[in-house]
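Below is one structure, written out as structure tokens; the observations come after it.
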Amino acid sequence: MTDSLAEPDLANRAPPESRAVAARFAALSHPARIEILKHLSASNSCCCREVVDHLDLAQSTVSQHLKILVEAGLVRFQPDRQRSRYEVDRAALADVSASLTALVISCCSGR
């Protein structure tokens with residue numbers, strides 16, 4: 001049985017705002033990325049090394065997760081000499097929350 005949501009045609013035909021919301025939800029779908037967001041939220045910004053030390057994950061793993069969060073627009077990247085800085089985009093996370101709330105209301109309004 002084929003999952004119709006996994007078909008590329010459907011994803012390409014979805015409105016851009018739905019694709020953007022889905023990309024952000026996908027970025028939030030890994031426990032390590034949730035922990036990274038929590039850590040970043042506790043400070044103004046930090047470098048990859050600080051996240052690595054906090055989570056006890058390999059630097060390459062943390063870098064890959066940070067890249068996904070940056071690409072989804074949930075984390076901002078700021079080059080800073082030899083150490084890049086990362087910070088949570090709080091407005092983007094608020095948008096994710098609003099999108100989820102709107103989806104739940106839309107899906108459950110008939111109950």
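Residue numbers count from 1 along this sequence.
Side chain to side chain, Ser60 and Gln64 fail the donor-acceptor criterion of an N or O pair below 3.5 Å.
The backbone N or O of Asp95 sits less than 3.5 Å from a side-chain atom of Ser99, completing a donor-acceptor pair. Side chain of Ser41 to main chain of Leu37: a donor-acceptor pair is present (N/O by atom type, distance under 3.5 Å, no hydrogens or angles).
Scanning for salt bridge (charged side-chain N to carboxylate O under 4.0 Å, His left out) contacts around Arg83 gives an empty result, with sequence neighbours left out. Annotation: salt bridge (charged side-chain N to carboxylate O under 4.0 Å, His left out) contacts of Arg33 (sequence neighbours excluded): none.
Under the 4.5 Å side-chain heavy-atom criterion for grouping Ile, Leu, Val, Met, Phe, Trp and Tyr, Ile105 is not connected to Val21 through any hydrophobic cluster. Linking Ile, Leu, Val, Met, Phe, Trp and Tyr whenever their side-chain heavy atoms come within less than 4.5 Å puts Leu40 and Leu57 in one cluster. Side-chain heavy atoms closer than 4.5 Å link hydrophobic residues (I, L, V, M, F, W, Y) into clusters, and following such links, even through other members, never connects Ile68 to Val62.
Pairing each heavy atom of Cys47 with each of Arg85, the nearest pair is N-NH1, 3.5 Å. Residue Arg24 comes nearest to Val96 through the heavy atom pair CD-CG2, 3.7 Å, listed as atom of the first residue, atom of the second, then distance. Taking each heavy atom of Pro79 and Ser84 in turn, the nearest pair found is CA-OG, 4.1 Å. Scanning both residues, Arg13 and Arg19, for their nearest heavy atoms gives C-NH1, 4.4 Å. Shown here for Val51 and Cys46, the closest heavy-atom pair between the two residues is CG2-SG, 3.7 Å.
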Q) How far apart are the C-alpha atoms of Cys48 and Gln59, what are their side-chain angles, what is the distance that settles it, and do they pass the side chain to side chain contact (heavy atoms under 4.5 Å, CB included) test? A) CA-CA 7 Å; Cys48 183; Gln59 187 274 332; 3.8 Å; yes

Q: Could you go through the side chain to side chain contact (heavy atoms under 4.5 Å, CB included) check for Val70 and Tyr86 one step at a time?
A: CA-CA 9 Å; Val70 168; Tyr86 296 89; 4.0 Å; yes

Q: With side chain to side chain contact (heavy atoms under 4.5 Å, CB included) as the test, would you mind laying out the steps for Gln78 and Ser45 before giving the verdict?
A: CA-CA 9 Å; Gln78 185 71 27; Ser45 70; over 6 Å; no

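Leu74 is not listed as a side-chain neighbour of Asp89, based on a closest heavy-atom distance of 4.5 Å or more. The closest side-chain heavy-atom distance from Ile34 to Leu28 is below 4.5 Å. The shortest side-chain heavy-atom distance between Phe77 and Leu66 does not fall under the 4.5 Å cut-off.
In this pair, His30 and His65 present their aromatic rings tilted. The plane angle is within the 30 to 60° band.
From Glu50, atom CD reaches atom CG of Leu55 across 12.0 Å, with rounding to the nearest 0.5 Å. Note that the CZ atom of Arg76 and the CD atom of Glu87 stand 5.0 Å from one another [nearest 0.5 Å].
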